Chemist: 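Below is one structure. I have some questions about it.
Positions are given from 1 along the sequence. Just so it is clear, the structure is predicted and the values come from calculations on it, not from any experiment.
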Amino acid sequence: MLNRAVMFAKQNTPNHLRVRARRVMLEGHNARLRLTVPVVERCDYVNVYHCAVRKTASQWVKSIFSDPIVYRHSGLLTYDPRYYDWRDPRVCPPNRVALSLFFSRKRFDEIPKPARYRAFFVLRDPRDMVVSSYFSTRDSHGPMGDVAEVRKVLRGLPKKEGLLFLIDDLAKKGRFNALRSWVLAPDDEAVRLVKYEDLTGIKQIEEMDRLMRHCGITIPRPELETLLDRYSFSSMSGKKGAGEVSHYRKGEAGDWRNHFDDDIQHAFDAAAGAKLVARLGYQVADSAG
């Protein structure tokens with residue numbers, strides 16, 4: 001009952017109130033860190049930028065970088081520009097981690113940045129992104145943007161037709177082009193591309209250690225293990241009181257195979273481009289089955 005009530009409130013609160021409430025929560029969280037967590041080592045960089053497209057575990061990344069363990073070993077507070085109306089001309093103030101920048105590479109390159117910064121872009125198999133976006137939009141995502149409108153369409157369609165509709169919708173929103181822009185960009189030592197599947201896979205600790213070090217943050221192995229255990233998918237999906245069950249519905253790579261058929265695969269290839277999957281480093285299936 002409580003979980004349903006939380007989800008109802010989450011999905012029906014006006015967006016401007018959600019933004020205001022989230023801003024207050026972020027400021028409160030950062031104030032507590034400043035007061036209660038001693039910084040033992042400072043990050044080498046003025047800013048770290050977390051860039052992504054939607055449905056690449058952005059909430060999970062946000063939780064990781066907002067944790068006291070990361071603050072203790074970096075001195076960086078988190079900052080999500082969406083909840084501050086993008087008012088800062090630098091996008092992110094100094095000594096912060098900018099969270100969830102859903103930018104194309106071109107837009108990211110154009111924003112003002114300090115001389116010393118690091119960035120990382122989280123990518124994911126776009127077929128799994130489609131499936132994750134379908135279930136999230138249909139069932140659980142907060143009503144920001146056009147979510148409520150798209151949800152109404154998806155709930156009125158069978159799953160196959162809903163997936164076909166969503167593929168076209170994501171293409172119109174530039175989701176696949178954004179992925180392409182990052183993977184085709186010239187190499188830059190300040191920017192690291194990391195796969196969702198690596199961040200959540202069997203070598204998660206090693207991959208997260210490499211990512212943190214890229215960001216100028218060194219976390220001792222025992223603390224890193226504690227951090228990742230604290231935000232494991234099984235742990236986060238079990239927080240029913242927080243209303244997050246559906247949001248962490250499934251983190252498995254390759255889940256698209258359970259939902260794609262040949263028609264959906266052909267529609268995906270037409271919308272995203274037949275070479276996108278291979279360019280991102282994922283296996284191309286001859287047939288979805």
Chemist: I'd like to know whether CD1 of Ile202 has more than 12 heavy-atom contacts from other residues, nucleotides or ligands below 6.0 angstrom.
Modeler: no
Chemist: Report yes or no: does Arg151 contribute a side-chain atom to a donor-acceptor pair with the main-chain N or O of Thr137 at less than 3.5 Å?
Modeler: yes
Chemist: Could Glu27 and Arg20 be called an ion pair, given the rule that one side-chain N must be under 4.0 Å from one carboxylate O?
Modeler: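 Salt bridge between Glu27 and Arg20, a charged N being under 4.0 Å from a carboxylate O: no.
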Chemist: Would a distance-only check, ignoring hydrogens and angles, find a side-chain to backbone donor-acceptor pair under 3.5 Å from Asn47 to Tyr117?
Modeler: no
Chemist: Do Ser136 and Lys55 have a side chain donor and acceptor closer than 3.5 Å?
Modeler: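 The criterion, which ignores hydrogens and geometry beyond distance, is satisfied for Lys55 and Ser136.
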Chemist: Which is it for Asp269 and Gln265 under the side chain to side chain donor-acceptor pair (under 3.5 Å) test, yes or no, and what are the steps along the way?
Modeler: CA-CA 6 Å; Asp269 288 341; Gln265 180 68 58; 3.1 Å; yes
Chemist: Taking atom types as modelled, find out whether Tyr45 and Arg118 have a side-chain donor-acceptor pair closer than 3.5 angstrom.
Modeler: yes
Chemist: Ring centroid separation for Trp256 and Phe135, is it under 6.0 angstrom?
Modeler: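 No, the ring centres sit 6.0 Å or more apart.
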Chemist: Tell me whether the rings of Tyr84 and Tyr79 are parallel (<30°), tilted (30 to 60°) or perpendicular (>60°).
Modeler: parallel
Chemist: For Lys160 and Asp261, work out which heavy atoms get closest and say how close.
Modeler: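 Closest approach of Lys160 to Asp261: NZ-OD2, 3.0 Å.
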Chemist: Closest approach of Ile69 and Glu223, non-hydrogen atoms and distance?
Modeler: CD1-O, 3.6 Å
Chemist: Is the positively charged end of Lys62 above the ring of Tyr231, judged by distance under 6.0 angstrom from the centroid and angle within 45° of the axis?
Modeler: no
Chemist: Per the ring pair (Phe, Tyr, Trp, His ring centres under 6.0 Å) rule, which among Phe65, Phe102, Phe103, Phe108 passes with Tyr49?
Modeler: Phe108
Chemist: For the residue pair Phe176 and Phe268, is the inter-centroid distance of their aromatic rings smaller than 6.0 Å?
Modeler: yes
Chemist: Considering non-hydrogen atoms only, spot the tightest contact between Arg82 and Val19 and give its length.
Modeler: O-CG1, 4.1 Å
Chemist: Decide, yes or no, whether a salt bridge links Asp85 with Arg23 under the criterion of side-chain N to carboxylate O below 4.0 Å.
Modeler: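 Yes, this pair counts.
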Chemist: Is the number of heavy atoms from other residues, nucleotides or ligands under 6.0 Å of Lys173 NZ greater than 12?
Modeler: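 Yes, enclosed.
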Chemist: Does Thr56 use its side chain to pair, donor to acceptor, with the backbone of Ser58 at less than 3.5 Å?
Modeler: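 No: the side chain of Thr56 does not pair with the backbone of Ser58.
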Chemist: For the residue pair Phe120 and His50, categorise the inter-ring angle as parallel (less than 30°), tilted (30 to 60°) or perpendicular (more than 60°).
Modeler: parallel
Chemist: Strictly below 4.0 Å, N to O, side chains only: are Lys152 and Asp146 in salt-bridge contact?
Modeler: no
Chemist: Considering all heavy atoms of both residues, which atom of Arg96 and which atom of Thr78 are nearest to each other, and what is their separation?
Modeler: NH1-O, 3.2 Å
Chemist: Output yes when Asp67 and Arg230 qualify as a salt bridge under the 4.0 Å nitrogen-oxygen rule, no when they do not.
Modeler: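 Salt bridge between Asp67 and Arg230, a charged N being under 4.0 Å from a carboxylate O: yes.
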Chemist: Over 60° means perpendicular and under 30° means parallel, so tell me whether Trp182 and Phe121 are parallel, tilted or perpendicular.
Modeler: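 Ring orientation of Trp182 relative to Phe121: parallel.
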Chemist: So if I apply the side-chain hydrogen bond (donor to acceptor under 3.5 Å, both in side chains) rule between Arg210 and each of His214, Glu206, Glu207, which one comes out positive?
Modeler: Glu207
